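Small disclaimer: the values here were computed from a predicted structure and weren't measured.
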Amino acid sequence: MEMFDVYPLYDVAIVRGKGSRVWDDKGNEYLDMYGGHAVISIGHTAPEYVEAIESQLSQIGFYSNSVVIKRQAELAGLMGRLTGKPDYNLFLVSTGAEANENALKLASFHTGRSKVVAFRGAFHGRTSLAVSATDNPAIVAPVNETENVVFLPFDDEQALREYFDAHGAEVAAVIVEGIQGVAGIRVASDGFLRAVRELCDRFGAVFVADSVQCGCGRTGRYFSHDWAGVDADIYTMAKGIGNGFPVAALAIAPHIKARHGMLGTTFGGSYLACAAAIAVAEVMLRDELTDNAARMGDYMLERLKEVPNVKELRGRGLMIGIEFPFDTAGMRRRLVYEERIFVGSAGKHTIRLLPALNIGKSEADRTVDALIKLASDREVTGL
């Protein structure tokens with residue numbers, strides 16, 4: 001049996017990591033400024049993280065959610081402190097797509113409605129309703145197609161108000177990323193997010209804040225939506241909250257009530273998952289990593305102004321998009337194979353930076369210096 005070939009791959013086999021460094025099977029060291037799609041929040045193999053998982057595994061790794069798992073309550077308490085939303089309730093799952101699936105299902109249960117408002121450029125996952133609310137026809141199979149999802153222009157308050165004025169009584173949920181990651185680090189304006197809150201309140205819809213990539217303190221606030229000064233009804237989380245262990249969650253406002261059997265999961269909230277997420281939360285609180293993300297984001301965004309031939313610089317905190325007027329594939333290859341730096345991409349023209357939240361100036365400077373070098377090279381830019 002061979003692997004199902006759906007991923008374009010760099011010819012690099014990573015076998016070890018520590019902090020923001022990773023090493024391949026030939027001993028080459030790389031700087032990881034992408035964190036495996038914003039997953040690595042407290043650094044590769046952080047000692048507290050490794051110890052927590054090893055200690056838990058030596059006791060018990062898994063049992064079902066049919067018994068009391070005290071570590072779930074411990075994690076819920078920590079997440080209340082981290083997020084600043086201690087009165088919300090936590091539901092644990094395994095992936096971001098699963099979190100969004102359950103959020104939309106819960107919104108439909110709560111409202112008795114079926115219509116979901118999503119936005120152009122959105123990415124909410126690859127499963128069932130999550131992919132139906134994702135603006136990429138190439139990954140939406142015929143079985144996923146539904147008339148229950150409507151796409152509106154992102155960050156367009158007028159279009160949103162016009163839709164609600166015509167159809168607000170049908171809307172179960174509005175699902176929106178505070179910063180669209182896959183679309184190229186597109187930041188929702190504060191006014192737009194406040195309009196979402198206002199309209200959901202007026203028409204009885206549920207505000208789902210997809211914080212899978214733009215949460216976990218990455219933008220300098222725990223949820224990127226917090227910059228707008230509004231509270232969503234449901235926040236979905238994944239990626240950074242487990243630092244590589246598959247952990248995801250919903251933070252659910254207290255006015256949305258649970259009943260037995262309405263949601264469920266096999267692996268969500270397992271002992272190991274909780275151990276990983278608890279370790280991440282404790283390190284984030286102790287080391288004030290949300291604040292570090294804000295400081296280092298400001299530093300990087302200022303330094304990135306030195307990079308030539310940039311069309312647009314976008315982002316908040318350590319969620320940064322650099323758009324160039326040329327195809328960045330060659331730049332990204334040279335960053336990996338020559339500069340030994342991993343970055344991400346969004347489409348052909350935007351490079352994404354999503355490093356661990358505890359990076360310092362040395363990692364930032366090395367990355368910016370490499371970008372200055374390559375963006376000045378006509379063989380790279382074609383300019």
Side-chain angles (χ1 to χ4, degrees), residues 38 96 100 103-104 107 115-125 130-137 149-168 171-203 205-215 218-237 294 297 301 304 310-325 344-354:
N100 285 329
L104 295 174
K115 189 68 72 177
V116 173
V117 173
F119 298 95
R120 293 294 172 198
F123 186 94
H124 299 297
V131 80
S132 297
T134 292
D135 186 25
N136 183 353
V149 178
V150 60
F151 288 96
L152 301 179
F154 181 66
D155 205 32
D156 186 333
E157 184 177 338
Q158 181 178 347
L160 180 67
R161 290 187 180 280
E162 288 175 355
Y163 183 83
F164 264 90
D165 285 342
H167 306 285
V171 177
V174 177
I175 184 167
V176 61
E177 301 153 272
I179 301 178
Q180 290 186 333
V182 174
I185 315 299
R186 305 284 177 179
V187 182
S189 66
D190 294 349
F192 177 69
L193 294 176
R194 290 170 188 152
V196 172
R197 178 69 278 169
E198 176 202 332
L199 291 165
C200 284
D201 286 341
R202 189 193 311 171
F203 289 91
V206 173
F207 181 172
V208 178
D210 182 340
S211 300
V212 169
Q213 186 174 133
C214 59
R218 176 157 296 281
T219 67
R221 301 281 178 90
Y222 193 82
F223 300 116
S224 66
H225 304 72
D226 291 342
W227 288 98
V230 298
D231 290 322
D233 300 305
I234 302 175
Y235 296 88
T236 58
M237 302 169 275
L301 285 165
L304 285 164
V310 172
K311 181 178 179 181
E312 188 176 12
L313 188 59
R314 300 184 293 269
R316 272 177 168 157
L318 293 175
M319 188 172 184
I320 296 172
I322 313 156
E323 184 176 346
F324 293 94
S345 65
K348 292 183 177 181
H349 298 101
T350 300
I351 282 179
R352 282 193 287 170
L353 301 178
L354 301 163

*With sequence neighbours excluded, tell me which residues meet side-chain hydrogen bond (donor to acceptor under 3.5 Å, both in side chains) with R194.*
none

*Under the side-chain hydrogen bond (donor to acceptor under 3.5 Å, both in side chains) test, residues paired with R221 that sit two or more places apart*: none

*Rounded to the nearest 0.5 Å, what's the gap from CD on E162 to CD on E157? Could you check?*
11.0 Å

_A side-chain contact here means heavy atoms from C-beta on lying under 4.5 Å apart; do R314 and T350 qualify?_
yes

*Nearest heavy-atom pair of A209 and A232: which atoms, and what distance?*
CB-CB, 3.6 Å

_pair D231-F207: side-chain heavy atoms closer than 4.5 Å_ = no

_Nearest non-hydrogen partners of A173 and A107, listed with the distance_ = CB-CB, 3.7 Å

*asked:* Please give me the minimum heavy-atom distance between T236 and A103, naming the atom from each residue.
replied: CG2-CB, 3.6 Å

*After noting the C-alpha distance and the side-chain angles of V171 and Y163, does the key distance pass the side chain to side chain contact (heavy atoms under 4.5 Å, CB included) rule?*
CA-CA 10 Å; V171 177; Y163 183 83; 3.9 Å; yes

*Looking at side-chain heavy atoms only, is the closest gap between L313 and I320 below 4.5 Å?*
yes

*Of all heavy-atom pairs between I175 and A133, which one has the smallest distance, and what is that distance?*
CG2-CB, 4.5 Å

*So, for V230 and L193, which heavy atoms are closest and what is the spacing to 0.1 Å?*
CG2-O, 4.3 Å

*May I ask you to test the S224-Q213 pair for a side-chain heavy-atom distance under 4.5 Å?*
no

*Give me the one residue out of E177, M237, H225 that meets side chain to side chain contact (heavy atoms under 4.5 Å, CB included) with D210.*
E177

*Does F119 reach the side chain of L160, with side-chain heavy atoms less than 4.5 Å apart?*
yes

Which atom pairs, donor and acceptor, lie under 3.5 Å between side-chain atoms of residues 178-191 and protein residues at least two apart or in another chain?
{"residue": "Q180", "atom": "NE2", "partner": "R120", "partner atom": "O", "Å": "3.0"}
{"residue": "S189", "atom": "OG", "partner": "D155", "partner atom": "OD1", "Å": "2.8"}
{"residue": "S189", "atom": "OG", "partner": "F192", "partner atom": "N", "Å": "3.2"}

*Could you give me the CA-CA distance, side-chain angles and deciding distance for V310 and E323, then say whether side chain to side chain contact (heavy atoms under 4.5 Å, CB included) is met?*
CA-CA 6 Å; V310 172; E323 184 176 346; 5.9 Å; no

*Is the closest side-chain heavy-atom distance between F164 and V174 below 4.5 Å?*
yes

*Distance (rounded to the nearest 0.5 Å) between N100 CG and T134 OG1*: 8.0 Å

*asked:* Strictly below 4.0 Å, N to O, side chains only: are D201 and R197 in salt-bridge contact?
replied: yes

*Would you confirm whether R352, through its side chain, and G321, through its main-chain N or O, come within 3.5 Å as a donor-acceptor pair?*
no

*asked:* Could you measure the distance from the CG atom of L104 to the CD1 atom of I234? Nearest 0.5 Å is fine.
replied: 8.0 Å

